[in-house]
Every structure is written in structure tokens, then in C-alpha cells.
Amino acid sequence: MINCAWGEVMNIFLLEDDDAIGIGLTYSLTNEGYNVTLAKTAGEGISTISKNDFSLYILDLTLPDGNGYDVCKAIKEKGDLPVIFLTACDDEVNVVMGFDLGADDYITKPFRVKELLLRIKSVLRRYHKDFFDGVLKYKDMTVNTNEAKVYIAGKEVVLTAMEYRLLLILLNHRGNVLSRNRLLENIWDVAGDFVEDNTLTVYIKRLRDKIEEDPANPEYIKTVRGLGYVIENDK
């Protein structure tokens, strides 16, 4: 989970031409509450970063139309922004070149996702210190992500792992309506299986029963008919 104070969603740019790695990392990062934008080529990457700002940039070094160094240069032209390189080898020349261009860290393939997540948090803390106190607040809700605990008006609410994950995804997309399909794409049950549409309805109901004073008239998780669910962007 993202250990950042509420009010900022961490947007990550991922540049990776390997479909399996790109899809896998997007899934893992989204489940951690990050917004992920995936690009597969240097050209697509440079075009995307020229139009958008991100909290962190993760760049594959070897690309079909160039390399991650070129994209890193384009990022650093925008400002002092955090960059992590993914590289197939830890050759000293590649590492030194990456750091000379302003990269903050690098990780060698193959890598463990948990290790990358720790590296990401470490880099983000250096750039976003004010947003990493581990406590998220929204209305009467407080979420302590260090302890994975949720409180409503100071009273702890015990959630299952899936309910907690679903709540974090909605919170970290606050103000955005998430369709049922999008939620289904980004959550798995504890056994690692896809959640079915009917099961998602059950999870939403159970979550509302626990956090809403009046689940029939929810204050936190609103239904947008025909579109999906949203936690609105007010405090």
C-alpha cells in the first residue's frame, strides 16, 4: 500500500517493451494503489511524458527503437524528477551512465516485485517527504497504511484483505468513477483468481455495511448508475 498522506495519488510512468513484464508490473503497482501509465517504445514514452507529469518514472534500458537513456534525458529536461532504470545486466558502464544522467536507482532483471516496490517507496520518499506519513484521511475515515487498519470516527473497522484492497483502490482514484470492469481487472481474490462480477457486488455491499452509517444511502462509496463506483473528491 502507498504510505502517503491523503491528497496525492502517486502516478507512475512505466516504460517496458516486454508484454509479460509490463502487464505484471502494472497489475502489481495498481494493487499497491498507484496509477500506472504503460508505454512500450522510446517514441511512445517521450510523447507521453511530454504531455503528462508523473510522480516516478520506471524505464527499461533496452527498447525496440532506442534506449531508456534517451527517455531519461527527456524526463530530466522537465525537471529533477525521480527515475529508476530496469536493466538486463548490472554492467558497471550501464550503471554509471544511468546515474550520470540523473537516475535515482536501478534494478537488474530478473527481479522480485517486492524488491522493486521497496525501491519505489524509497525513491518516492526522497521526493515526496511531506506525503509519506502512512496515514490517509477522508471525512471521518482514517486509514493507517503502515498497520493496514481502518478507523471510522476513531473506531476501528475490521476489513478482510479484499475489502481493504478494494477500499484503497477507490481511495487512490478519488474523484474518478471506476467502472465495474476496471475494478474487476485490478483486484484478485486471496487465492489469486479473478473476481467475478457478482462477487464484486458482494464485496461492495460488505464494505459498505462496515464503513457506512447508512449503507442504503452511502457517504463514502457512491454508485454512479450505468458507470460504476466513486469516492468523491471532497474532504
Side-chain angles (χ1 to χ4, degrees), residues 1-12 26-37 53-56 117 120-121 124-125 128 130-235:
M1 289 68 66
I2 303 177
N3 295 326
C4 58
W6 194 243
E8 176 171 330
V9 174
M10 293 295 172
N11 298 300
I12 291 183
T26 298
Y27 163 73
S28 297
L29 292 170
T30 301
N31 274 352
E32 290 292 313
Y34 298 105
N35 282 340
V36 182
T37 297
D53 294 322
F54 298 92
S55 308
L56 175 72
L117 292 174
I120 288 171
K121 287 185 177 182
L124 283 173
R125 282 192 181 95
H128 304 275
D130 294 340
F131 297 97
F132 277 76
D133 66 358
V135 177
L136 316 180
K137 294 182 180 293
Y138 178 76
K139 294 187 176 180
D140 289 335
M141 178 189 297
T142 300
V143 180
N144 186 322
T145 62
N146 292 323
E147 300 176 353
K149 291 184 177 180
V150 177
Y151 302 86
I152 302 293
K155 183 178 180 181
E156 183 178 356
V157 178
V158 179
L159 302 181
T160 65
M162 180 58 72
E163 291 163 355
Y164 180 74
R165 187 183 309 172
L166 182 58
L167 177 62
L168 277 187
I169 291 172
L170 288 164
L171 279 172
N172 281 296
H173 293 82
R174 187 175 60 161
N176 297 314
V177 178
L178 299 184
S179 69
R180 296 179 65 86
N181 284 339
R182 187 170 179 186
L183 286 171
L184 287 167
E185 288 171 358
N186 290 309
I187 59 175
W188 299 60
D189 69 16
V190 292
D193 298 321
F194 280 113
V195 175
E196 297 179 353
D197 188 72
N198 290 339
T199 308
L200 176 61
T201 301
V202 173
Y203 281 131
I204 291 287
K205 181 181 185 304
R206 288 178 178 172
L207 182 55
R208 280 175 168 162
D209 286 343
K210 291 181 178 181
I211 68 173
E212 302 283 0
E213 183 175 353
D214 181 4
N217 297 286
E219 291 296 319
Y220 295 101
I221 302 174
K222 304 289 184 68
T223 298
V224 181
R225 293 193 180 280
L227 295 177
Y229 302 98
V230 63
I231 290 181
E232 295 177 340
N233 204 27
D234 54 341
K235 298 292 186 181

Glu213 atom CD, over 12 foreign heavy atoms within 6.0 Å: no
Note, Val150 side chain near Asn144 side chain (heavy atom, < 4.5 Å): no
Option passing side-chain contact (heavy atoms from CB on, under 4.5 Å) with Leu178 (candidates Leu227, Val230, Ile169): Ile169
Separation between CG of Asp140 and CD1 of Ile211, rounded to the nearest 0.5 Å: 11.5 Å
Spatial distance of atom NZ (Lys137) from atom OH (Tyr151) [nearest 0.5 Å]: 10.5 Å
Distance (rounded to the nearest 0.5 Å) between Glu163 CD and Asp209 CG: 9.0 Å
Backbone of Asn11 reached by a side-chain donor or acceptor of Ser55 within 3.5 Å: yes
Between CG on residue Leu159 and NZ on residue Lys149, distance to nearest 0.5 Å: 12.5 Å
CA sep, side-chain torsions, deciding dist, call: Ile120, Ile12, side-chain contact (heavy atoms from CB on, under 4.5 Å): CA-CA 10 Å; Ile120 288 171; Ile12 291 183; 4.2 Å; yes
Chi angles and distances behind the side-chain contact (heavy atoms from CB on, under 4.5 Å) call for Thr145, Tyr164: CA-CA 10 Å; Thr145 62; Tyr164 180 74; 4.0 Å; yes
Check: Tyr138 and Glu232 side chains under 4.5 Å, non-hydrogen atoms: yes
No-hydrogen, no-angle side-chain donor-acceptor test under 3.5 Å, Arg180 and Thr201: yes
Candidate pair Ile231 and Lys222, rule side-chain contact (heavy atoms from CB on, under 4.5 Å), full reasoning: CA-CA 6 Å; Ile231 290 181; Lys222 304 289 184 68; over 6 Å; no
side-chain contact (heavy atoms from CB on, under 4.5 Å) partners for Asn176, two or more places apart: His173
pair Leu124-Met10: side-chain heavy atoms closer than 4.5 Å: yes
Full working for side-chain contact (heavy atoms from CB on, under 4.5 Å) between Tyr229 and Val177: CA-CA 5 Å; Tyr229 302 98; Val177 178; over 6 Å; no
Between Arg208 and Tyr220, a side-chain donor and acceptor under 3.5 Å: no
Non-hydrogen atoms of Glu219 and Glu212 that approach each other most closely: N-OE1, 2.7 Å
Separation between CG of Leu207 and CD1 of Ile221, rounded to the nearest 0.5 Å: 4.0 Å
From Thr160 atom OG1 to Arg206 atom CZ, the distance as rounded to the nearest 0.5 Å: 8.0 Å
